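The shown structure was predicted, so the numbers you read here are calculated from the model rather than taken from an experiment. Heavy-atom basis, side chains included; hydrogens, waters and symmetry copies ignored. Every chain is numbered from 1, with letters handed out A, B, ... down the list of sequences.
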2 protein chains.
Amino acid sequence: MTSVLSEHRPGSTSGPRTSFSTRSPAADKLVRKLRDRHPLSAAEEVALNTLLAAKAGPISGRTVLLDRGMQPSGIHVLLDGWACRYTMLVDGRRRIVAFYLPGDVCDFDVFLLAGMDQTIAAITPARVAVVDAPMLAGLAIDHPPLTQALWWESLTAAAIQRAWTLNVGQRSAKQRIAHLLCELYLRMDRVGLVQDGSCALPLTQFHLGDACALTSIHTNRALQELRRDGLLSLEARRLTIHDWPALVDLAAFDPAYLQLSKEPGTSGDSAALG
Amino acid sequence: MTSVLSEHRPGSTSGPRTSFSTRSPAADKLVRKLRDRHPLSAAEEVALNTLLAAKAGPISGRTVLLDRGMQPSGIHVLLDGWACRYTMLVDGRRRIVAFYLPGDVCDFDVFLLAGMDQTIAAITPARVAVVDAPMLAGLAIDHPPLTQALWWESLTAAAIQRAWTLNVGQRSAKQRIAHLLCELYLRMDRVGLVQDGSCALPLTQFHLGDACALTSIHTNRALQELRRDGLLSLEARRLTIHDWPALVDLAAFDPAYLQLSKEPGTSGDSAALG
DNA sequence: CGACCGATTGAGGCATGTCAAAAACGGTGG
DNA sequence: CCACCGTTTTTGACATGCCTCAATCGGTCG
């Protein structure tokens with residue numbers, strides 16, 4: 001399995017999987033993720049996709065989806081586009097604690113009625129489905145596997161949050177940026193948005209810095225080093241990985257927390273790769 | 001440090017609540033927390049407490065509950081004592097990403113079968129209930145309110161994790177320590193372990209430093225400042241808050257994320273205090 | 001064309017890390 | 001009761017990674 005690591009550049013596997021999902025091209029990404037770790041019946045997939053599609057609407061960039069103290073209208077599911085969750089500090093600094101990518105559920109905490117303590121806002125123009133909690137709960141009751149799949153999804157989000165805590169606290173600037181980019185790249189791959197070793201990355205250096213607890217200035221210098229090392233390029237809102245193993249090594253990136261593997265032991269991915 | 005203290009100090013409310021729970025003194029803390037935000041029937045409380053009590057066992061300090069890569073035997077619920085979740089880095093440094101207090105569920109991620117990416121270990125001698133997932137699932141199916149209560153509990157854990165990400169990334173050393181101590185103090189209060197403005201805090205300065213992304217040396221200096229300012233004292237494994245409002249102010253601590261308030265708007269706590 | 005936003009560069013300062021070592025503490029055995 | 005030992009806390013001197021402030025440059029859009 002050691003060789004798998006070097007061979008396995010994420011993105012190269014997305015071809016076969018993509019052909020599998022043609023039911024609903026836009027709303028499909030969440031289902032795709034869920035099914036990846038948890039089998040769903042066709043009926044369940046259709047039910048969820050239908051619900052999402054019915055509730056979907058376009059929003060422009062920088063739209064605030066959910067503000068501090070606001071009583072939420074429902075759970076926000078990103079169908080397309082990027083969003084983030086952040087806190088504004090008294091001195092005007094912004095700290096981003098999460099990025100949301102296509103197919104992500106932004107606010108499981110709607111179930112915590114006590115109100116948000118942070119803000120969620122779109123980064124790019126996006127399509128968002130706003131599902132009120134009772135409706136989703138109803139769907140979950142009708143389809144128990146969906147309940148479990150969504151529960152997993154929220155636990156994965158928690159695992160990502162732990163990884164961020166680690167990342168911000170432990171690593172050098174260069175490593176932090178590298179680690180974040182590794183994570184985003186794999187998460188984009190998981191929903192089929194990586195092609196030929198590159199994916200969209202609509203973040204400014206301010207976003208990256210606010211997420212890694214760095215100033216945009218220092219972020220800039222760290223990025224330059226990563227480029228100079230030949231590990232990646234990041235231009236025109238597009239990230240391209242040139243040397244995945246080296247990047248992973250530098251970042252001390254262990255993808256285990258993303259829960260990507262199909263099934264422990266089956267290693268379906270590497271088989272498909274061989 | 002006197003008048004303000006008596007008005008607003010958490011812990012002064014624990015008296016009345018404590019009288020409420022005498023069913024099972026040791027296993028009771030999780031139930032106490034759950035019921036605080038979510039009504040449970042007596043039958044449900046008894047069922048959960050009975051299950052926990054049946055599976056409970058003592059462990060000594062520094063016992064590893066769950067190790068990286070290990071297939072978990074079940075969900076660990078701390079009945080008494082402290083534990084933490086950490087990652088060891090290649091250079092020997094340790095990064096703590098979570099503390100677990102009496103009444104906490106350590107590893108909801110057992111449901112993520114792909115194996116742990118971190119280590120969970122006791123800090124003090126403790127009593128731990130190890131509940132295998134199917135059994136807990138069965139209990140949850142029989143008692144839907146328990147499902148929701150546990151789901152909330154895991155979402156609260158995720159909110160705490162976001163607060164840690166923020167804390168580590170944004171604040172000065174002094175503020176980080178202060179913020180962490182505020183959080184731990186309130187969490188101890190939530191399970192009735194605060195008396196007269198003080199609670200057990202069995203952490204070394206290494207623990208605090210590893211959790212705040214600081215060296216123990218710098219942690220020491222930050223703590224000295226907090227003591228010198230008259231905000232708190234921390235000695236003999238015991239934390240005493242002398243000036244809660246000032247500490248909260250210094251730390252920019254907003255307890256909203258802990259989801260403590262009974263019901264938004266009722267402010268039952270402060271009314272009881274006045 | 002002017003205004004604005006994002007990326008980039010440079011110089012200097014400060015908070016925190018690193019290294020080294022001495023106290024204080026707490027338990028254990030003689 | 002004391003001597004011993006490992007752990008934890010504390011102190012000091014020095015190094016450095018990242019922040020701050022200030023400015024330029026290049027796109028993009030009205």
Side-chain angles (χ1 to χ4, degrees), chain A residues 60-62 82 84 89 91-96 121 123-125 167-181 200-228 232-239 250, chain B residues 60-62 82 84 89 91-96 121-125 167-181 200-228 232-239 250-251:
Chain A
S60 57
R62 308 189 187 205
W82 286 51
C84 67
L89 303 173
D91 57 5
R93 290 183 302 175
R94 175 184 65 176
R95 183 86 314 153
I96 294 174
I123 292 173
T124 67
N167 193 39
V168 168
Q170 196 69 42
R171 288 181 257 261
S172 72
K174 193 172 165 184
Q175 285 180 304
R176 281 184 232 180
I177 301 285
H179 195 276
L180 176 60
L181 293 179
L201 200 130
L203 304 176
T204 66
Q205 293 178 4
F206 287 90
H207 287 122
L208 291 173
D210 288 347
C212 291
L214 297 168
T215 56
S216 67
I217 297 169
H218 210 72
T219 301
N220 181 291
R221 301 198 233 256
L223 269 177
Q224 284 179 51
E225 280 196 61
L226 291 173
R227 284 193 272 246
R228 200 176 311 131
L232 53 82
S233 52
L234 178 52
E235 50 200 4
R237 305 281 109 107
R238 189 149 198 93
L239 167 69
L250 169 71
Chain B
S60 57
R62 306 186 188 208
W82 287 51
C84 66
L89 303 172
D91 58 5
R93 288 183 303 174
R94 175 184 64 175
R95 181 87 314 153
I96 294 175
I123 293 174
T124 67
N167 194 39
V168 168
Q170 196 70 42
R171 286 181 257 261
S172 71
K174 195 172 164 185
Q175 285 179 305
R176 281 184 233 178
I177 301 286
H179 194 276
L180 176 61
L181 293 179
L201 200 130
L203 305 176
T204 66
Q205 294 178 5
F206 288 91
H207 287 122
L208 291 173
D210 287 348
C212 292
L214 297 168
T215 55
S216 68
I217 296 170
H218 210 70
T219 300
N220 180 289
R221 301 200 232 255
L223 269 177
Q224 284 179 51
E225 280 196 62
L226 291 173
R227 284 194 272 245
R228 201 176 311 131
L232 54 80
S233 51
L234 178 52
E235 50 199 4
R237 304 284 110 106
R238 190 147 197 96
L239 168 68
L250 168 72

Calculate the interatomic distance between [X] atom [atom1] and [N] atom [atom2]; express it in whole Å.
X: A/R176; N: D/dC18; atom1: CZ; atom2: C1'; answer: 9 Å
X: A/Q205; N: C/dT9; atom1: CD; atom2: P; answer: 10 Å
X: A/E235; N: C/dG6; atom1: CD; atom2: P; answer: 18 Å
X: B/F206; N: C/dT18; atom1: CZ; atom2: P; answer: 13 Å
X: A/E225; N: C/dT9; atom1: CD; atom2: P; answer: 12 Å
X: A/R171; N: D/dG17; atom1: CZ; atom2: P; answer: 18 Å
X: A/R94; N: C/dC5; atom1: CZ; atom2: P; answer: 13 Å
X: A/L89; N: D/dC19; atom1: CG; atom2: C1'; answer: 15 Å

Nearest-neighbour nucleotide for the [X] side chain, [options] considered:
X: A/R62; options: C/dT8, D/dT8, C/dG6; result: C/dG6
X: A/Q224; options: C/dG6, C/dT8, D/dT11; result: C/dT8
X: B/A173; options: C/dT16, D/dT9, C/dC5; result: C/dT16
X: B/T204; options: C/dA7, D/dT8, D/dC18; result: D/dT8

For this session: Verify the contact: side-chain N or O of B/R237 to OP1 or OP2 of D/dT9, cut-off strictly under 4.0 Å; return yes or no.
Result: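 Result: yes.
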Exercise. Does a side-chain N or O from B/R227 land closer than 4.0 Å to OP1 or OP2 of D/dT9, or not?
Worked result: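 Answer no for this pair, as no side-chain N or O of B/R227 is under 4.0 Å from OP1 or OP2.
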Problem set entry | Rounded distance [0.5 Å steps], OG1 in B/T215 versus CZ in B/R221 |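 Those atoms lie 7.5 Å apart.
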Exercise. So how far is it from B/Q175 CD to B/L250 CG, rounded to the nearest 0.5 Å?
Worked result: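 With rounding to 0.5 Å, CD (B/Q175) is 5.5 Å from CG (B/L250).
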Problem set entry | Residue of the set B/R94, B/R95, B/R93 for which salt bridge (charged side-chain N to carboxylate O under 4.0 Å, His left out) holds with B/D91 |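 Among the candidates, only B/R93 passes.
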For this session: Look at all strands and tell whether A/R93 reaches a base, only sugar-phosphate, or nothing, counting heavy atoms closer than 4.0 Å.
Result: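 No contact.
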Problem set entry | Taking every non-hydrogen atom, the tightest pair across B/K174 and B/L226 |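 Closest approach of B/K174 to B/L226: CG-CD2, 3.8 Å.
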Problem set entry | A/S233 backbone acceptor or donor facing A/R227 side chain under 3.5 Å |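 No; zero donor-acceptor contacts below 3.5 Å.
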Exercise. Side chains of A/H207 and A/T204: is there a donor and an acceptor less than 3.5 Å apart?
Worked result: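 A pair is found: one side chain offers a donor N or O, the other an acceptor, under 3.5 Å apart.
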Exercise. Among residues 210-221 of chain A, which contact DNA chain D at a heavy-atom distance under 4.0 Å?
Worked result: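 Under 4.0 Å from DNA chain D: A/A213, A/L214, A/T215, A/I217, A/H218, A/R221.
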For this session: Tell me, yes or no, whether the heavy-atom count around A/R62 atom CZ, taken from other residues, nucleotides or ligands under 6.0 Å, exceeds 12.
Result: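 No, not enclosed.
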